[in-house]
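Some notes on the structure that comes next.
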Amino acid sequence: MAQRALPVSAALVVAGMVVLPVAAVLWRGGGPGTLGPADWAALRFTLWQAALSAGLSVALAIPVARALSRRRFPGRSGLVALMGAPFILPVIVAILGLLAVFGGNGLVNRIGAPLGLPRLDIYGYHGVILAHVFFNLPLAVRLLLQGWLAIPAERFRLAASLDAPVWRVLERPMLRRVCPGTFGVIFVICLGSFAVALTLGGGPRATTVELAIYQAFRFDFDLGKAATLAALQLCLGLGAGALALRLAPSDGFGNGLDRLTDRWDGRGKLARCVDALWILLAATFLLTPLAAVGLAGLPGLSEMPPEVWSAAARSLALALGATAVTLALALPLLSAPGEVAALLGISVSGLVLGTGYFLLVQPLIRPAEVAFPVTMLVNALMALPFVIRILRPGLEAARADYGRLAAALGLTGWRLWRIVYLPRLRRPMGFAAGLTAALSMGDLGVITLFADGDTATLPLQVYRLMGSYQMEAARAAALLLLVVSLGLFWGFDRGGRANAAV
């Protein structure tokens, strides 16, 4: 009974950590605000672009993840880690890379103009969807790849001995279990689109709810309207998460001996060519903008001011602290109620969360003095849904496979986690920790509400350099941010995969 009550209690605590600041904004704003036609138009566009972006991301991720699960080649682990970079990049840095490739003077238009191809315009709803697929395709690939890796090698061997089609008996059931949750997480991420819509939206027709919240804060200072939009966004996110959990079957494939999978179904020449083509297309789409950011930042490395390095150190400490907080919150939440509660973090605008905590601490302490812990907490809440989605399938499989044996041996508490659960969660925990650290490293949201001149993080420093027209130094600082974010992700992910089959 106590073990069942722990996830519910943890879920209630996390829900309170999200709902309380939203209530503070609503109270200070004098109650709910009135929504006009532009706000309802923003809601319709938000739902449409989120559904389309999530659907495209998952659909394109299926053949890419399948190809990576069937192929072993030199540099595969590095390629998998590097292909995840767009999701962990600071949004503004990634958008600069997309503009360098797909913008008016970008690589695609420069190549297409001599060939007589129509000019590509990245601004508008299609630019928003392109950017969302760029950001979320790596996440979808990794989540689906975890699903393929969770199929025991013995199941593939059994299918081969029975000459059964792998797609029908193994892969399609796995996708029915994994895809709804993956779609739900990406859908909720796209619901909170702000910087993408602000930069690439191109006008009122491509305004999201998050952008409408920003406008209510920045131009109208209508806290009631902002809180109302945030509550509406929260309901949409929870509805999407609950639907995804309901549609996803909970049955798995059982346990295996953790052997390296021999994919006999992919040995044909055609299968090898198709897999290679999907991997090449995905790598080109995801890595070309990163290369553009790197080339643009190299010349300014010698021009970076000293405060960039101190900001980088603060961002690194923030990322490591947020990772520890996220894992501490996630482990008690690895259940269906916990996953729904965790979706609150990305269902609510980070701007609303930050403002709510600002209002809560303002009577007691100067907000700048709590900028670091508040930013760390908000980052942890925003990363929590991803971490739980990554860890929960592995824990449920371990409980189904070894729960009775552990109970018979009297394993409980920390001994149960140390002997049974943590060894089987090592690989997904490394991936989850790397994802959290990289996302926190590049966050530029809450810190802008609290930070003063002595507490700026590296992303905020990049914005300040851009605002002072020090573009060479800004590009160099963006390159440093890219390298550190990738380094954190790679280090944690590799640590989790050490001595484990990939």
Side-chain angles (χ1 to χ4, degrees), residues 61 64-65 67-69 71-91 93-94 97 134-146 148-149 279 282-295 297-298 301 309 312-324 326-327 330 379-380 382-383 386-387 389-391 394 425-443 457-459 462 476-502:
V64 178
L68 290 171
S69 72
R71 302 299 160 202
R72 296 293 185 274
F73 51 87
R76 174 184 175 276
S77 297
L79 178 63
V80 171
L82 195 59
M83 284 175 61
F87 181 74
I88 62 179
L89 278 182
V91 176
V93 176
F134 175 76
F135 284 121
N136 295 304
L137 177 61
L139 176 64
V141 168
R142 286 304 299 263
L143 292 177
L144 296 183
L145 184 57
Q146 293 289 343
W148 257 287
L149 294 174
I279 293 173
T284 302
F285 173 63
L286 296 174
L287 300 183
T288 303
L290 302 184
V293 172
L295 292 175
L298 283 174
L301 286 176
W309 298 103
R314 281 189 290 272
S315 289
L316 182 59
L318 175 67
L320 296 177
T323 301
T326 304
L327 291 178
N379 283 335
M382 301 290 283
F386 311 123
V387 174
R389 177 93 303 259
I390 293 166
L391 297 183
L425 290 177
R426 180 174 182 175
R427 182 170 58 198
M429 281 186 70
F431 174 46
L435 189 65
T436 303
L439 289 174
S440 300
M441 184 76 194
D443 175 68
T457 58
L458 185 54
V462 172
L479 177 59
L480 175 62
L481 181 56
L482 169 63
V483 171
V484 176
S485 299
L486 287 179
L488 285 170
F489 178 77
W490 179 84
F492 279 111
D493 190 41
R494 183 174 178 82
R497 290 187 285 108
N499 301 320
V502 181

Using the rule given for side-chain contact (heavy atoms from CB on, under 4.5 Å), can you reason through F431 versus Q146, listing the C-alpha separation, both sets of side-chain angles and the distance that settles it, and then say yes or no? CA-CA 10 Å; F431 174 46; Q146 293 289 343; 4.1 Å; yes
Check step by step if side-chain contact (heavy atoms from CB on, under 4.5 Å) holds for L298 and L479. CA-CA 7 Å; L298 283 174; L479 177 59; 3.8 Å; yes
Apply side-chain contact (heavy atoms from CB on, under 4.5 Å) to T323 and T326, showing your working. CA-CA 5 Å; T323 301; T326 304; 5.8 Å; no
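Applying the ring pair (Phe, Tyr, Trp, His ring centres under 6.0 Å) criterion to F135, with sequence neighbours excluded, gives no partner residue. Every residue two or more places apart in sequence or in another chain was checked for a ring pair (Phe, Tyr, Trp, His ring centres under 6.0 Å) with F492, and none qualifies.
S315 contributes a side-chain N or O that, together with a main-chain N or O of L458, makes up a donor-acceptor pair within less than 3.5 Å.
Residues M441 and A312 come closest through the heavy atom pair CE-O, 3.9 Å. Among all heavy-atom pairs drawn from N379 and A322, the shortest one is CB-CB, 4.1 Å. The shortest heavy-atom contact between P428 and I390 is O-CG2, 3.4 Å. Residues V141 and A65 come closest through the heavy atom pair O-CB, 3.8 Å. Residue V387 comes nearest to A330 through the heavy atom pair CG1-CB, 3.6 Å, listed as atom of the first residue, atom of the second, then distance. When all heavy atoms of A292 and G97 are compared, the closest pair comes out as CB-O, 4.5 Å.
Side-chain contact between D493 and L435 is absent, with no heavy-atom pair separated by less than 4.5 Å. Using a 4.5 Å heavy-atom threshold, the side chains of L439 and T436 count as separate. Using a 4.5 Å heavy-atom threshold, the side chains of L480 and W309 count as touching. Side-chain atoms of L316 and L488, non-hydrogen and from C-beta on, do get closer than 4.5 Å to each other.
To the nearest 0.5 Å, the span separating CG on L143 from CZ on F386 amounts to 9.5 Å.
Each of V484, V483, L482 was compared with L486 under the side-chain contact (heavy atoms from CB on, under 4.5 Å) criterion, and only L482 meets it.
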